[in-house]
Each structure stands twice: as structure tokens, then as C-alpha cells.
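First comes the structure, then the notes that go with it.
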2 protein chains.
Amino acid sequence: MQDTDTTTPHADAPRATARRQQILCAAAQCFREHGFHGASIAKISAIAGMSPGHIYHYFENKEAIIAAIVAQDLESLLEMTAQFRAACNVRAALIERAAEGVAKQLDPDAAGLKLEIVAEAARNPRVAQIVSEADATCRRELAALIRDIRSRAGHQDSAAAIDGMVEVLACLFEGLLQRTIRNPGLDRDKVTQRIQIAIGDLLNQPGEDALKPRS
Amino acid sequence: MQDTDTTTPHADAPRATARRQQILCAAAQCFREHGFHGASIAKISAIAGMSPGHIYHYFENKEAIIAAIVAQDLESLLEMTAQFRAACNVRAALIERAAEGVAKQLDPDAAGLKLEIVAEAARNPRVAQIVSEADATCRRELAALIRDIRSRAGHQDSAAAIDGMVEVLACLFEGLLQRTIRNPGLDRDKVTQRIQIAIGDLLNQPGEDALKPRS
DNA sequence: TAACATAGAATGAGCGTTCAATCTAGAACA
DNA sequence: TGTTCTAGATTGAACGCTCATTCTATGTTA
């Protein structure tokens, strides 16, 4: 974070960067297999191919490794969201692009780690802050995306209405993480298709805050 | 599980049942605060108001406590699903009832534990089996529910189509668990309203396996 | 008295972390 | 070119602690 990082003397050196990444890679694997608390520095160091003590030259402690893994995962989420935003100016484009996002969320390995992160966020304030900040950025992006697509289709929406739709969209995507764990044998193509339809319907929801839908 | 349970000599006695529940209650609190691996028998026993050793008269080991907590949580899920099934024979009834379900999923404490369970299921085979079996039961119930509502509305659906809709419905509900963690300040009423609309649209999705939706 | 409930100390393993000691590669110098 | 020096890279044993689990001893009750 600071320029003078005493724990990583030459953090900019390519060797140090490579070692850090090596540790993060091993840690991600351990965290996936054993969870944040179940994974030990000893196991991580063994997989990373270095001594336990050496890890502490690159990370202050285990908590810092967790924070780095969390930040790394969320960065990839923000990237995906930004790509959606950039590529999809109309409804059909978003629906088409959504298929890739769905496929990514349905990968069981990635899902396991992402769920571990949210579960950790529910009890660890440091992780909670990283997660909720990333989510806020993500929501802003998605809100702009939905607003544009709908205004292009003639809708005029309140901010609250858009925010509600963003939440539903997020539910659809994040729910997939749990589906692939709870029902590993689900039909990925069929689910993708139905999610796409649901997203399409979401973008056509009534804008005003009506009582009940009548389709 | 078996009739002759050597670890809990008089499991049917009311005192034993109460003690077991006392332990599970303390364990749930600890698991919520520290996760399955972060919670220790010492902490659980302190909260339960008994010695660490005494816990082992009611549970074979920590893993058994985890399994019991998981089973207990999933039982409440199955109960909710069954109530939906019983109370909702038409679309409007399901949408109205859904509000309660949404509210339940948006409770951050309950959500934390449920997410911990899914994360654990992603790496612990014993938990994975309990979770996936409960999910299968749940899906069967929801499939029957959706099929009935839609057939009453004149739709004739393939099993695969129904299964896809069930997955989307599950995504909506399970996604809420993550939303309440990632965005604790979300507008619960607005979200409920938008989820209700989405469920309404879901029940009106085209039955055939069309290419893309055109609403 | 017999059977069960309960306590709490003991055990050995494993944890995160520290640290003194070694290795290594390249700069400085001859 | 060959030698020395040195600062960072790396090791792995050691530390203090906590963990899950066991076991013996003591209450409690019928």
C-alpha cells in the first residue's frame, strides 16, 4: 500500500513479484481445498516450494495473504463487469454476453473460493470492507449499464428502480455459485438459457413502482 | 443415525435431547462468528455452559456437530419449501408468499451460516452429500410447484424446461444470501418487490426451448 | 448401590510466527 | 580475470500457544 513497505523490501523487483504470485497461487489452491482457517502456512509453503519462514518476507501474516487473495478475486469480478459495461449497449448484447458470465460462475472450483470469501466477509471486518467496496463499484457499473439499455428502449426509471434491478441481476449471477455446489449435475446449457431469458425479462420490468406484476 | 448409538447412550431421554440442543445452539453461534474451522470446542463448551469433555458424550467429534448443524439448517429449508408447495397453487399466491422467503434470506446472521455451509460443502464430502441430497428434495418440490402453477395457466412444459426454471428460482433466493453480505445497506423492500416481479416473469417464461427471448 | 452426568486436567499434534544461521549472486577491487 | 565482500534470499529449527480429543475422578440421582 505505502511506498516504503518494510515487509517487502523490494516489492517492485520482478523476482519479488514472482515470488508473491507464487505464494498467492499456492494459497488459492489451499484455501479452495481447506478454507481460509483450515489451510496452514506449512501447507501453503510446501505447495509454493519454499520454507514457511520465507513466506513472511512477502506477507506480514496469514491475514494479509487472505486479503490479497480476496482482492485478487474481486478485481477479476470488476474486470468482468467493466467488460459487460463496455460491450453491451443494447439488451440483446447483454443477454448474449451473459452466457460467458454464467459459465464462469458455474465452475465449481472458482465457486468454492468465491463462496469462502463471502462467508469470511460475513464475520471478518477487514474482508467485509474489501468485499463491500468492490460490490459498490460493481453495482454502480451495472446500474449505469441497465439504465442505458432501458433508456435506449424508451424506459425512464428512478434510481431506486434501477438499484432494485441491479440486485436481482446480482442474485442471478451470485446464486449460480451456490447452484453449482448444491447441484453439481445441473444441466449447464439449459440453466444458461433460462438465466438469459430471466435477464431479458428483468430488462423489461415495469419501471414504476407498481404493486404487483401482471406481465 | 442408527438405533444403537454408542456415543449418545440415552439419546431419547429429554435431558439428553435438551443438552444436545444446547450444544447445537452454542455451536451455531460460534460457527456464525468464527466459521466451522475457526470455532473451537473450548469456545462452544463455554457458551453452552459445560466442560469441553462433556460435549463428547453427545457428539462423537466436532465433525458430527458440523453435520448436525448443517442438517438442522437444511431441514428448515425443506420445511419452507414444503410450505410453499402446500400454500401456493396459483401464480399470485407464490409471488405473495415469496416476500416472506426473501425477508428470511436477507437476514445477515442466518445468511452467514448458510454461506458457511455451502462453502464447506464445496470441500467436505460429508457435508456435500447432506447438502446435495437436501437440494434434490427441494428441487423436486419446487419443480412440482412450478409445473402445477404453469399447467393451471395453460402451459405444457418438458421436465428439462421446468428444471431450468427451478434453477433460476433457486438462484434468486440463494443469491440473496450473498447480497445481504456484500451490500448490507440494500433497500429490502425494493429488492423484495423486484424479486417478486422476476418470479412472476419466471412463471411466464416460454415453455419451449426457444433460441432467445423476445418477451 | 448402580448408573449416569459432569468436570477439568492431561496429551500430543499442529498452528502461526520468529529468528539465527546459511546460501547465493553479483559488485568492487586487484 | 580472479578474489573478496556484502546484502538480500532462503532455510528450518524453535517457541509459545491453541486445538481436538481422551481419561480419570467426582457429583448426582433414583
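In what follows, every chain begins at residue 1, and chains take the letters A, B, ... in the order their sequences are listed.
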Item to check | Ion pair B:Glu33/A:Arg123, N-O distance below 4.0 Å | outcome: no
Checklist entry - Any idea how B:Phe173 and B:Phe84 line up, ring-wise: parallel (<30°), tilted (30 to 60°), or perpendicular (>60°)? => result tilted
Checklist entry - Salt bridge or not for B:Lys114 and B:Asp73, using N-O below 4.0 Å? => result yes
Checklist entry - Using 4.0 Å as the upper bound for N to carboxylate O, is an ion pair formed by B:Asp163 and A:Arg194? => result no
Checklist entry - When you check every protein heavy atom under 4.0 Å of nucleotides 11-30 of chain D, what one-letter string (B, S, -) results, 5' to 3'? => result BB------SSBB--------
Next on the checklist: Could you tell me how far apart A:Phe59 (CZ) and C:dT18 (C1') are, to the nearest whole angstrom?
Outcome noted: 18 Å
Checklist outcome for this item: Those residues at least two apart in sequence (or on a different chain) that pass side chain to side chain contact (heavy atoms under 4.5 Å, CB included) with B:Arg188 are B:Leu106, B:Pro108, B:Thr180, B:Leu186
